[in-house]
Amino acid sequence: MDDWRQRLGRGTDILARQAVRVPLPDDAAERTLHENMHRIADAGDRKAELLADPDVPLTDAYEYELDEMSQGFKHRLQQIVGEEYHAVADEYLRGERDDWIGALAVYYQECYCRLQERFTVDDDICVLTVLRYPDSFTVNFSFFDGEVAGDAIRYESPKHDESDLDSRYRDRYHAECQYSQRRAAEYIRERTDLIRVAFPDPAASRAEDRQYGGFVHITGRDGPVFSEVLESVTPDPDRFDEPATTPGLVPEGPEVERIRNEYLDDAELIV
């Protein structure tokens, strides 16, 4: 990761206010999207199970989430770019190529790098927005420095608490952390079906019922306090003027701007 960050440099804007747009030309593409979104929902259910288990540290739940995301990035890179996606990304950064394949290779690798940093950097917020349109879908990752709005679910990890509590309060604090994690697990379990509803099975739904849908998943950390938002998002039907032909990078869209205004009032976009 450090080598990649050095090659990438902090001046790139490949992630800033951009999203990946992927066409949905046929039934096979529709099926792949449905299966991938349901895997995300299933991973949310598994994360909820880990959070609710008093014998499992919160860090295990987050390591599981990172592993699931990294596998998704790797699979997508292999599908679009091939096994040599590291070399393709490097060629794009060196200016040796200027195509959508190279741009997506850099985008997905930068996402993974930033996600790894989330586990060690306080006040780092990750926002994932996936939106469905009639002929395509978009995936947007953005990262912020700051706090998530007050209506997010919050839970604590004693492993990340650096205060030296008296033994009389330590057990109580651990119990309060467990309670907050159980509440967060319940919150996540109640909302993973929002993802499934937004991306229904193409074999069991009409095409007109799959025109628009989406969700946003926000995760943040401030010391020992973690925050989370999982909500439906209504896509803007006027976002695109041209049909999707090949995968590529597009502006993030008005939906992401609305999410930012609602949940990240004082947060600063990381570039």
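For reference, positions follow the sequence shown, starting with 1. Note that the structure is a prediction, hence the values are computed from the model and not measured.
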Just list the side-chain donor-acceptor pairs under 3.5 Å for residues 197-208, sequence neighbours left out, or say none.
{"from": "D201", "atom 1": "OD1", "to": "R31", "atom 2": "NH1", "distance (Å)": "3.4"}
{"from": "D201", "atom 1": "OD1", "to": "R31", "atom 2": "NH2", "distance (Å)": "2.6"}
{"from": "D201", "atom 1": "OD1", "to": "A203", "atom 2": "N", "distance (Å)": "2.9"}
{"from": "S205", "atom 1": "OG", "to": "D201", "atom 2": "O", "distance (Å)": "2.7"}
{"from": "S205", "atom 1": "OG", "to": "R210", "atom 2": "NH1", "distance (Å)": "3.2"}
{"from": "R206", "atom 1": "NE", "to": "D209", "atom 2": "OD2", "distance (Å)": "2.9"}
{"from": "R206", "atom 1": "NH2", "to": "D209", "atom 2": "OD1", "distance (Å)": "3.2"}
{"from": "R206", "atom 1": "NH2", "to": "D209", "atom 2": "OD2", "distance (Å)": "3.3"}

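Between A48 and A185, the shortest heavy-atom contact is O-CB, 3.2 Å. Contact record, Y173 with S157: OH-O, 4.2 Å, taken as the closest heavy-atom pair. Closest of all the heavy-atom pairs between E156 and L58 is O-CD1, 4.1 Å. Contact record, G102 with Y92: C-CD1, 3.5 Å, taken as the closest heavy-atom pair. Across G214 and L131, no two heavy atoms sit closer than the pair CA-CD2, 4.1 Å. Looking at every heavy atom in both residues, Y187 comes nearest to I153 through CD2-CG2, 3.5 Å.
Side chains of V106 and L93 form a contact here, defined as non-hydrogen atoms less than 4.5 Å apart. In this structure the side chain of W100 never reaches within 4.5 angstrom of the side chain of L249, judged on heavy atoms. You'll find the side chain of P23 reaches within 4.5 Å of the side chain of P247, heavy atoms only. Side-chain contact between F137 and V20: absent, with no pair of heavy atoms (C-beta onward) separated by less than 4.5 Å. Contact check for I125 versus V148: side-chain heavy atoms found under the 4.5 Å cut-off.
Partners of E231 under the salt bridge (Lys or Arg N to Asp or Glu O under 4.0 Å) rule, at least two apart in sequence or in another chain, are R191. Annotation: salt bridge (Lys or Arg N to Asp or Glu O under 4.0 Å) contacts of D60 (sequence neighbours excluded): none. With sequence neighbours excluded, no residue satisfies ring-ring contact (aromatic ring centres under 6.0 Å, His included) with H174. Residues passing the salt bridge (Lys or Arg N to Asp or Glu O under 4.0 Å) test with D135, sequence neighbours excluded: R21. Qualifying side chain to side chain donor-acceptor pair (under 3.5 Å) partners for E228, counting only residues two or more places apart in sequence or in other chains: K47, Y155, H217. Annotation: ring-ring contact (aromatic ring centres under 6.0 Å, His included) contacts of Y263 (sequence neighbours excluded): none. In this structure Y85 satisfies the ring-ring contact (aromatic ring centres under 6.0 Å, His included) test with no other residue, sequence neighbours excluded.
Between atom CD of residue Q109 and atom CG of residue L104 there is a gap of 11.5 Å, rounded to the nearest 0.5 Å. Here CD1 of I259 is found 3.5 Å from OG1 of T129. Values are rounded to the nearest 0.5 Å. Atom OG1 of T192 sits about 14.0 Å away from atom CE of M37, to the nearest 0.5 Å. The distance from atom CD1 of I195 to atom CD1 of I40, rounded to the nearest 0.5 Å, is 6.5 Å. Note: F226 CZ to S180 OG = 10.5 Å, rounded to the nearest 0.5 Å. To the nearest 0.5 Å, atoms OG (S136) and CG (L24) are separated by 6.5 Å.
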Just do the side-chain contact (heavy atoms from CB on, under 4.5 Å) check on N140 and Q18 with the steps written out, would you?
-> CA-CA 7 Å; N140 170 257; Q18 296 200 88; 5.7 Å; no

Going through the checks in order, is the side-chain contact (heavy atoms from CB on, under 4.5 Å) test met by H38 and E35?
-> CA-CA 5 Å; H38 276 236; E35 292 175 350; 5.8 Å; no

Is there a side-chain contact (heavy atoms from CB on, under 4.5 Å) between F215 and S232 once you walk through the steps?
-> CA-CA 4 Å; F215 71 92; S232 296; 5.7 Å; no

What's the verdict on side-chain contact (heavy atoms from CB on, under 4.5 Å) for F141 and Y107, showing C-alpha distance, side-chain angles and the deciding distance?
-> CA-CA 9 Å; F141 272 93; Y107 187 95; 4.2 Å; yes

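Residue pairs that meet the salt bridge (Lys or Arg N to Asp or Glu O under 4.0 Å) test with at least one member in residues 93-102, sequence neighbours left out, are E91-R97, R94-E96, R97-D99. Each salt bridge (Lys or Arg N to Asp or Glu O under 4.0 Å) pair with one or both residues in residues 174-183, not counting sequence neighbours, appears once here: R172-E176. Applying the side-chain hydrogen bond (donor to acceptor under 3.5 Å, both in side chains) test to every pair with at least one member in residues 242-256, sequence neighbours left out, gives these pairs: R17-E252, Y133-E255, E252-R260.
Between R239 and T138, the side chains place a donor N or O and an acceptor N or O closer than 3.5 Å (distance only, hydrogens not considered). In the model, R39 has a side-chain atom that pairs as donor or acceptor with a side-chain atom of N36 under 3.5 Å.
For E30 and R132, the salt-bridge test passes: some basic side-chain N is under 4.0 Å from an acidic carboxylate O. The existence of a salt bridge linking R189 and E186 is excluded, since no basic side-chain nitrogen approaches an acidic carboxylate oxygen closer than 4.0 Å. Comment: R196 engages D42 in a salt bridge, judged by a side-chain N to carboxylate O separation of less than 4.0 angstrom.
Hydrophobic cluster of V56: the remaining members, joined at side-chain heavy-atom separations below 4.5 Å, are L50, Y64, listed by chain and number.
Hydrophobic clustering (side-chain heavy atoms under 4.5 Å, transitive across Ile, Leu, Val, Met, Phe, Trp, Tyr) keeps V256 apart from Y108. Each of I188 and L194 belongs to its own hydrophobic cluster when Ile, Leu, Val, Met, Phe, Trp and Tyr are linked at side-chain heavy-atom distances under 4.5 angstrom.
Exactly one of V229, L128, L230 qualifies for a side chain to side chain contact (heavy atoms under 4.5 Å, CB included) with I218. That residue is V229.
Residue E268 places its CD atom among 12 or fewer non-hydrogen atoms of other residues, nucleotides or ligands, all under 6.0 Å distant.
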